[in-house]
Each structure stands twice: as structure tokens, then as C-alpha cells.
Amino acid sequence: MSVTGGMKCVKYLVFFFNFIFWLCGLALIVVGIMVQVSLNKTLKITDPTASAAPIILIGVGVVIFFISFFGCCGAFKENHCMVTTFAVLLSLIVIVEIAAAIVGYVFRNKLSTIVHDSVTEMISKYEKGTPEFKETVDNLQHNLKCCGVNGSSDWKNFTSKGNSVPDSCCKNVTKGCGIGTMTDSDKVYQQSCSAAMETFLKNNILWVIVAAVVIAILQLLGIVFACCLIKGIRDGYEVM
């Protein structure tokens, strides 16, 4: 027996919210992959906890993607078991997201240490690094408009004279522009790459938090509507 009246509206709301969740899951997968690729291209992080965030995003995205598809089918077919399973699984996802947010907040201060150690290691290995590794460091400095871990003076061992920096530190990059210009603020960026990278990550994390809050609210509404639909389907069975 099909649901009628207000429950029919709830049915379509559940279907609509599940479609939104499906899109959110797909978005999380894409964002997770983009963040992971971006980290690999711009920053060689040795601490495995730094890569945990994009991996978690991808994992949660995949789970939401399939759960929402399951919920859509359950709502469309008005299947009590499928809708109940959807509501339970979505509730578990919300709990996991809350736990992840708490863990992220607790370990937020570790970000500075991870970034500082990673940039320090990159700078120290620059001279003996492969062309691809050097390109990574150069891209980091050029894109973030920074030079060295704490400043341009970190490159004092770059040449024997101790007054040169890689060309990627230059404000206007030309071949040899970093020779003898370490402390020239008109030609070379003096900003710390560690601070620049930390600021970049914190700004992006803020948008991730906003997105997570919006998705969590949508998920809670989805759970409420799913529970209402479950009750409507059950009442329909009792009438029969």
C-alpha cells in the first residue's frame, strides 16, 4: 500500500535529500582527491597524519554516495527495511563526522609542527634532490610567494658565498635572479614558507568546516524525514 497525503510529500522530501546527499558524496570524493593531489604537488609531507584528512574525505564521500543511492531506492519503492537501514547508516555517518571534527579540533595545534618539519626537510634536501623534487619546492615558493622555512636566510648554504637563493624566491622570476639577492626585499620574497603554507591550509580548512556543517544539517534533516517516512510506511502496513 502506497503512502498518501502528507506522507507522500515526506517521501519526495526523502528522495530529494538523498539526491542532495548523493551530490555531496560525489563532491567530497572530488575534493578529497584534489586536496591529496595538491598536497603531493606542493608539499612533501612525511607525517602520515597529514594525509589522513583527504583520505577520510574520500572515504566518507564514497560511503555517503552509496548510502544515498540506497536511500533513494528505499524512498521510491517505499520499502520499510531499506529506509530504516538508510536512517541507521546515515545516523552512524553523522556520529563518525562529529567524532572526526572533535579529533581535528584536538589535533589542530599539530598543524604548525607538521608544516614546519615538512618544509624544513624539503629545503634541506633541495640541493641533492631530483629535478622533480626541486620543481616541487620551486612551485611551493613561487605559488605562495615565500622563501625558505623561516625566511630567505635559510638558503645561506645554497651557494658558497651564502648570499643567494633559488630563482623561485624572486618576485620576478628570471634565470639567475636569486644570485646575490638573499636579503634584497625588493627582489626576493622574505616571507616564511612555513607560515605561508600554514595560513593557506587554515584558510582552506575553514571552508571545509563550513561545508561539513551544511552537510551535517542536511543529513540530520534527512534522518528526521526518513523516520517520518518509516512511521508512515509502518502505519500503512497496519491499516492493511
Side-chain angles (χ1 to χ4, degrees), residues 31-57 100-212:
V31 170
I33 292 173
M34 290 177 62
V35 170
Q36 183 68 12
V37 171
S38 177
L39 285 175
N40 288 334
K41 285 185 176 180
T42 59
L43 187 61
K44 300 295 183 182
I45 297 179
T46 55
D47 191 326
T49 58
S51 295
I55 292 174
I56 290 175
L57 277 179
I102 294 173
V103 171
Y105 179 79
V106 171
F107 288 98
R108 70 192 186 285
N109 293 328
K110 194 178 179 182
L111 179 64
S112 298
T113 303
I114 293 173
V115 171
H116 187 274
D117 291 346
S118 299
V119 176
T120 300
E121 184 176 359
M122 290 171 69
I123 299 298
S124 65
K125 292 181 176 180
Y126 184 83
E127 274 302 302
K128 297 180 179 180
T130 63
E132 292 78 12
F133 182 83
K134 289 183 178 181
E135 184 181 1
T136 298
V137 179
D138 289 335
N139 286 336
L140 172 68
Q141 294 191 137
H142 178 70
N143 293 335
L144 295 181
K145 299 180 180 180
C146 62
C147 187
V149 183
N150 302 303
S152 61
S153 59
D154 290 328
W155 289 104
K156 60 186 177 182
N157 296 322
F158 181 61
T159 61
S160 57
K161 292 184 178 180
N163 63 349
S164 300
V165 294
D167 293 342
S168 57
C169 284
C170 298
K171 294 181 179 180
N172 295 307
V173 179
T174 56
K175 188 170 180 59
C177 63
I179 298 175
T181 57
M182 175 183 286
T183 57
D184 190 342
S185 59
D186 291 330
K187 295 181 179 180
V188 171
Y189 293 115
Q190 302 297 312
Q191 183 185 15
S192 156
C193 282
S194 178
M197 175 56 73
E198 187 177 342
T199 300
F200 172 78
L201 291 176
K202 284 183 176 179
N203 289 339
N204 282 275
I205 287 173
L206 178 62
W207 286 108
V208 171
I209 291 173
V210 171

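Bear in mind that the values here come from a model prediction, so they are computed numbers and not experimental data.
A side-chain donor-acceptor contact under 3.5 Å links K171 to the backbone of S185. Here the side chain of S192 pairs no donor or acceptor atom with the backbone of G151 at under 3.5 angstrom. In this structure a side-chain-to-backbone donor-acceptor pair under 3.5 Å is missing from N139 to T136. Within the 3.5 Å criterion, the main-chain N or O of N150 finds no donor-acceptor partner in the side chain of S194. No donor-acceptor pair closer than 3.5 Å links the side chain of D138 to the backbone N or O of S168.
Taking every heavy atom of both residues into account, V188 and C147 meet most closely at CG1-SG, 4.1 Å. Taking all atoms of both residues into account, the shortest heavy-atom contact from F133 to M122 is CE2-O, 3.4 Å. Across all their heavy atoms, M182 and Q190 have their closest contact at O-NE2, 3.2 Å. Between I123 and V149, the closest heavy-atom pair is CG1-CG2, 3.6 Å. Taking every heavy atom of both residues into account, L144 and M197 meet most closely at CD1-CE, 3.7 Å.
For the two cysteine residues C146 and C169, the thiol sulfurs sit 2.5 Å or further apart. Cysteines C170 and C177 place their SG atoms closer than 2.5 Å to one another.
Within 6.0 Å of atom NZ in K187, 12 or fewer heavy atoms from other residues, nucleotides or ligands are found, so the atom counts as exposed in its surroundings. Around atom NE2 of H116, more than 12 heavy atoms belonging to other residues, nucleotides or ligands sit under 6.0 Å away.
Between F158 and Y126, the angle of the ring planes lies from 30° to 60°, which puts this pair in the tilted group.
Taking OG1 of T183 as the reference point, atom NZ of K156 lies at 14.0 Å (rounded to 0.5 Å). Separation of atoms CD (E127) and OG1 (T159) is listed at 9.0 Å; rounding is to 0.5 Å.
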